[in-house]
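Some notes on the structure that comes next.
Please read these numbers as outputs of a predicted model, since none were measured by experiment. Every heavy atom of this structure was used, including side-chain atoms; hydrogens, water molecules and symmetry mates were not.
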Amino acid sequence: MGEEARKRAVVTGAASGIGKAVARRLIREGCEVLGVDLDADRLAALGAEGCETRVVDVADPGQREALAASVDGFDYLVNSAGIIRIKPIFELTVDEWRTVQRVNSESVFFLCQLIGPRLRPGGAIVNLSSSSAKLATSTDVAAYAASKTTILSITRSFSYALANRPVRVNAICPGIVETEMQEKFLAKVASHRNTTAAEFDAQRKKGVPLQRGGSAEECAGAIWFLLSDEAAYMTGQAINFTGGLVNW
């Protein structure tokens with residue numbers, strides 16, 4: 001791909017999990033990638049693979065604005081940064097609630113607002129939601145689920161707001177994906193339920209028609225499809241990536 005034709009992408013949460021897999025996939029597809037995250041050490045490892053990196057706190061308004069000002073003429077934005085707080089629903093504090101919302105949904109809204117109009121015509125945004133936006137089976141992650149539900153509304157709103165550019169805006173809703181965040185979730189929730197992480201994991205996967213979890217690399221492939229011209233007639237959608245666990 002010639003230098004002028006190369007697509008340029010911003011990926012948040014790029015130091016680990018799905019964000020890292022997306023950054024790697026985009027590099028393989030010939031894109032120039034700017035990976036941002038708070039974890040400088042892990043970003044350095046990604047930088048060794050050909051990704052430009054920058055330490056950014058997406059929950060900080062000033063840092064979001066500085067990031068947006070530096071990415072004029074990019075083509076893609078993938079909002080993958082996110083945190084989870086695992087706590088029984090009746091014990092969650094106001095501060096814990098607000099921390100999750102700032103990182104998971106507020107950052108997505110304002111990065112879409114700041115970067116969306118700067119993307120080149122024909123560009124695309126993919127926001128990372130979750131199957132938790134549609135299911136409430138784990139009330140220990142109620143704040144996380146609420147933030148991921150908010151992302152679906154943000155996605156629909158910006159799909160309208162940016163359509164005349166045109167920039168497409170879609171969301172993906174991963175279910176059980178084998179990442180470090182998933183491992184921490186299993187361990188913490190299992191401790192609340194007086195079981196082991198392995199037993200809790202097996203129990204959850206019984207409800208998945210494909211009888212397994214997905215990989216971050218598989219999810220990155222689905223995200224690449226939503227960014228690519230293959231999905232040129234798709235905007236405002238929330239695509240399930242759940243092995244059949246969620247089908248609506």
*Can you tell me if Arg168 uses its side chain to pair, donor with acceptor, with the backbone of Ala231 under 3.5 Å?*
yes
_Distance (rounded to the nearest 0.5 Å) between Arg85 CZ and Asp95 CG_ = 11.5 Å
*Are Leu67 and Leu38 in one and the same hydrophobic cluster, where Ile, Leu, Val, Met, Phe, Trp and Tyr link if side-chain heavy atoms are under 4.5 Å apart?*
no
Please list every donor-acceptor pair under 3.5 Å in which a side-chain atom of residues 46-57 meets a protein atom from a residue at least two apart or in another chain.
unit_1 : atom_1 : unit_2 : atom_2 : d
Glu49  : OE1    : Arg24  : NE     : 2.8
Glu49  : OE2    : Arg24  : NE     : 3.4
Glu49  : OE2    : Arg24  : NH2    : 2.9
Arg54  : NH1    : Ser70  : OG     : 2.7
Asp57  : OD1    : Ala59  : N      : 3.0

*Side chains of Asp140 and Arg193: closer than 4.5 Å at any heavy-atom pair?*
yes
*Chi angles and distances behind the side chain to side chain contact (heavy atoms under 4.5 Å, CB included) call for Val167, Ile125*: CA-CA 7 Å; Val167 166; Ile125 297 172; 4.3 Å; yes
_Side-chain heavy atoms nearer than 4.5 Å, only ILVMFWY residues, links allowed to pass through others: does that put Leu152 and Phe241 together?_
no
*Applying the 4.5 Å side-chain criterion to the ILVMFWY set and letting contacts propagate, would Val177 and Val208 be lumped into a single cluster?*
no
*Arg98 atom CZ, over 12 foreign heavy atoms within 6.0 Å*: no
*Taking C-beta and beyond as the side chain, do Glu65 and Phe110 meet within less than 4.5 Å on heavy atoms?*
no
_Could you tell me if the side chain of Ser130 sits less than 4.5 Å from the side chain of Ile151, heavy atoms only?_
no
_Side chains of Asn127 and Cys112, heavy atoms from C-beta outward: is any pair under 4.5 Å?_
yes
*Please confirm whether the backbone N or O of Phe74 pairs with a side-chain atom of Arg118, one donor and one acceptor, at under 3.5 Å?*
no
*asked:* With a 3.5 Å distance limit and no angle check, can you tell me whether Arg64 reaches the backbone of Leu111 through a side-chain donor-acceptor pair?
replied: no
_Nearest non-hydrogen partners of Thr12 and Ala81, listed with the distance_ = OG1-N, 2.9 Å
*Is the side chain of Thr179 donor-acceptor paired with the backbone N or O of Gly17 at a distance under 3.5 Å, no angle test?*
no
*Answer yes or no: is there a donor N or O on one side and an acceptor on the other, between the side chain of Arg25 and the main chain of Trp224, under 3.5 Å?*
no
*How many angstroms lie between CZ in Phe109 and CG in Leu114, if you round to the nearest 0.5 Å?*
9.5 Å
*Residues that, via side-chain heavy atoms closer than 4.5 angstrom, fall in one hydrophobic cluster with Trp97*: Leu92
*asked:* I'd like to know if the side chain of Lys134 reaches the main chain of Trp248, judged simply by a donor and an acceptor atom lying under 3.5 Å from each other, with no hydrogens or angles considered.
replied: yes
*Locate the shortest heavy-atom distance separating Ser132 from Ala145; write the atom from each residue and the value.*
O-CB, 3.4 Å
*Mind checking the CG-NZ spacing from Asn104 to Lys148? Nearest 0.5 Å is all I need.*
5.0 Å
*Sub-3.5 Å donor-acceptor pair from the side chain of Ser147 to the main-chain atoms of Gln101, do we have one?*
no
_Positive for side-chain contact (heavy atoms from CB on, under 4.5 Å) with Val11, one of Ile223, Leu34, Leu26, Asp37_ = Leu26
*Think Arg156 forms a cation-pi with Tyr160, using NZ or CZ under 6.0 Å from the six-ring centre and within 45 degrees of its axis?*
no
*Is there a side-chain contact between Cys173 and Val246, using heavy atoms and a 4.5 Å cut-off?*
no
_Atom pair CG (Leu119) and CG (Asp72), whose distance is rounded to the nearest 0.5 Å_ = 9.5 Å
*Inspect the surroundings of CD in Glu180 and state if more than 12 heavy atoms from other residues, nucleotides or ligands are less than 6.0 Å away.*
no
*Between Phe225 and Met234, which heavy-atom pair has the shortest distance, and what is it?*
CE2-SD, 3.8 Å
*Find out if a path of hydrophobic residues (ILVMFWY) with successive side-chain heavy-atom gaps under 4.5 Å connects Val10 to Leu128.*
no
*Same cluster for Leu227 and Ile115 if Ile/Leu/Val/Met/Phe/Trp/Tyr side chains link at under 4.5 Å?*
no
*Side chain of Arg120, backbone of Gly73: donor and acceptor closer than 3.5 Å?*
yes
*Counting distance only, does the side-chain N/O of Ser129 pair as donor-acceptor with the main-chain N or O of Ile172 below 3.5 Å?*
no
*Just how far is it from atom NZ of Lys7 to atom OG of Ser228, taken to the nearest 0.5 Å?*
10.0 Å
_Please find the pair of heavy atoms, one from Ile154 and one from Ser105, that lie closest to each other, and give the distance._
CD1-O, 3.5 Å
*Could you tell me whether the side chain of Leu245 reaches within less than 4.5 Å of the side chain of Leu135, counting heavy atoms only?*
yes
*Is there side-chain contact between Glu32 and Arg8, with at least one heavy-atom pair below 4.5 Å?*
yes
*With a 4.5 Å heavy-atom cut-off, do Lys87 and Thr93 have their side chains touching?*
yes
*asked:* So which atom in Ile18 and which in Cys219 form the shortest heavy-atom distance, rounded to 0.1 Å?
replied: CD1-SG, 3.9 Å
*Considering all heavy atoms of both residues, which atom of Thr155 and which atom of Gln237 are nearest to each other, and what is their separation?*
CG2-O, 4.2 Å
_Set out, in order, the CA-CA distance, both residues' side-chain angles and the distance that settles side chain to side chain contact (heavy atoms under 4.5 Å, CB included) for Leu186 and Arg204, then state yes or no._
CA-CA 10 Å; Leu186 290 172; Arg204 294 176 75 221; 3.7 Å; yes
